[in-house]
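Written out below as structure tokens is the structure these notes cover.
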Amino acid sequence: RAESTAYVAAADVDGIAIGGSLGQDKDQMREVLGWSLAGLPDAPPRHLLGIGDVDDILHAVAAGIDSFDCATPTRLARHGTALVCDPDRRWRLDLTKAAVAGSAEPIAAGCPCPACAGGFTRGYVHYLARNRELTGSRLLALHNLTFMAELMAGLRAAIAAGDLAAYTARVLAGDAPYRA
């Protein structure tokens with residue numbers, strides 16, 4: 001990583017992508033990310049490949065990452081899982097579980113996505129997901145992508161306001177990333 005970082009730092013590039021093997025767990029991933037960022041110039045934007053968990057994104061932004069790409073939101077949706085404000089469950093709600101079958105709650109209260117704002121309940125999305133109806137995957141994908149877009153908008157606003165640490169702490173504590 002040090003050799004690669006030195007090579008990229010010396011190159012005249014418009015942006016920097018970081019990817020490849022980032023370790024076996026979150027602690028190793030954060031350590032390898034630190035190695036990868038050490039010595040890089042600040043000017044070119046830094047893009048992190050394949051990282052999509054909420055806590056990882058928050059950590060990476062604080063470390064200096066500018067953009068991300070990951071299949072996590074749509075992959076979770078295909079398997080009946082929604083991104084929600086619940087760090088105890090790794091920000092995931094499995095809507096294929098029987099516990100949500102009769103729920104009249106939205107996927108996430110206050111979420112502006114077409115599924116939540118459109119009145120689709122956890123119980124209905126559970127039915128769709130359990131029966132492998134494509135509408136369920138589509139609603140969950142829209143929800144998950146909205147969740148991530150709101151998270152990133154919140155991060156941008158917090159950075160602009162000089163409030164990144166407080167915003168990160170609120171999200172890590174389970175507050176919704178949704179804008180008012």
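Note that this is a predicted model, so its numbers are computed, not measured.
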Of all residues at least two apart in sequence or in a different chain, which pass the side-chain hydrogen bond (donor to acceptor under 3.5 Å, both in side chains) check with Asp42? Arg46
Here the side chain to side chain donor-acceptor pair (under 3.5 Å) pairs for residues 160-174, sequence neighbours left out, are none
Is any side-chain heavy atom of Phe147 closer than 4.5 Å to one of Cys111? no
For Gly39 and Ala9 the tightest heavy-atom approach is O-CB, 3.5 Å
Ala117 to Pro112 - nearest heavy-atom pair and separation: CB-O, 3.9 Å
Strictly by salt bridge (charged side-chain N to carboxylate O under 4.0 Å, His left out), give each pair with a member in residues 104-121 just once, sequence neighbours left out. Glu105-Arg122
Can you give me the closest heavy-atom contact between Cys113 and Thr146, atom names plus distance? CB-OG1, 3.4 Å
Heavy-atom pair with the smallest gap, counting every atom of Pro73 and Cys70: CD-O, 3.7 Å
How would you list, by chain and number, every residue that makes a side chain to side chain contact (heavy atoms under 4.5 Å, CB included) with Pro45, sequence neighbours excluded? Asp66
Enumerate the salt bridge (charged side-chain N to carboxylate O under 4.0 Å, His left out) contacts for residues 70-88, please, sequence neighbours excluded, ordered by first and then second residue. Asp86-Arg89
Kindly indicate whether the side chain of Leu37, heavy atoms from C-beta on, has any atom under 4.5 Å from the side chain of Ile65. yes
The side-chain hydrogen bond (donor to acceptor under 3.5 Å, both in side chains) partners of Thr74 (sequence neighbours excluded) come to none
His143 side chain to Leu83 main-chain N or O, any donor-acceptor pair under 3.5 Å? yes
Gly80 to Ala129 - nearest heavy-atom pair and separation: CA-CB, 4.1 Å
Which pairs with one or both residues in residues 2-13 pass salt bridge (charged side-chain N to carboxylate O under 4.0 Å, His left out), sequence neighbours excluded? none
What is the minimum heavy-atom distance between Ala141 and Ala77, and which atoms define it? N-CB, 3.3 Å
Under 4.5 Å between side-chain heavy atoms, chaining through other members, with only Ile, Leu, Val, Met, Phe, Trp and Tyr counted: pull out the rest of the cluster around Phe120, sorted by chain and number. Val84, Leu93, Leu95, Val100, Ile107, Tyr124, Val125, Tyr127, Leu128, Leu139, Leu140
Would Leu76 and Leu145 show up in the same hydrophobic cluster when neighbours are defined by side-chain heavy atoms closer than 4.5 Å? no
Other ILVMFWY residues reachable from Leu142 by side-chain steps of under 4.5 Å: none
Euclidean distance, Leu155 CG relative to Glu150 CD, rounded to 0.5 Å: 11.5 Å
Using side-chain heavy atoms (C-beta onward) and a distance below 4.5 Å, is Arg156 in contact with Ile159? no
Can you establish whether the number of heavy atoms outside Asp14 located under 6.0 Å from its atom CG is more than 12? no
Among residues at least two apart in sequence or on other chains, which ones pass salt bridge (Lys or Arg N to Asp or Glu O under 4.0 Å) with Asp94? Lys97
Holding to side-chain hydrogen bond (donor to acceptor under 3.5 Å, both in side chains), I want the full list of residues that pass it with Ser36, two or more places apart in sequence or in another chain. Arg1
Residues 47-58 side chain polar contacts: donor-acceptor under 3.5 Å, at least two apart:
{"from": "His47", "atom 1": "ND1", "to": "Ser67", "atom 2": "OG", "distance (Å)": "2.7"}
{"from": "His47", "atom 1": "NE2", "to": "Asp69", "atom 2": "OD1", "distance (Å)": "2.4"}
{"from": "Asp53", "atom 1": "OD1", "to": "Arg92", "atom 2": "NH2", "distance (Å)": "2.9"}
{"from": "Asp53", "atom 1": "OD2", "to": "Lys26", "atom 2": "NZ", "distance (Å)": "3.2"}
{"from": "Asp53", "atom 1": "OD2", "to": "Arg90", "atom 2": "NH2", "distance (Å)": "3.4"}
{"from": "Asp55", "atom 1": "OD1", "to": "Lys26", "atom 2": "NZ", "distance (Å)": "3.2"}
{"from": "Asp55", "atom 1": "OD2", "to": "Lys26", "atom 2": "NZ", "distance (Å)": "3.4"}
{"from": "Asp56", "atom 1": "OD1", "to": "Lys26", "atom 2": "NZ", "distance (Å)": "3.1"}
{"from": "Asp56", "atom 1": "OD1", "to": "Arg30", "atom 2": "NH2", "distance (Å)": "3.3"}
{"from": "Asp56", "atom 1": "OD2", "to": "Lys26", "atom 2": "NZ", "distance (Å)": "2.9"}

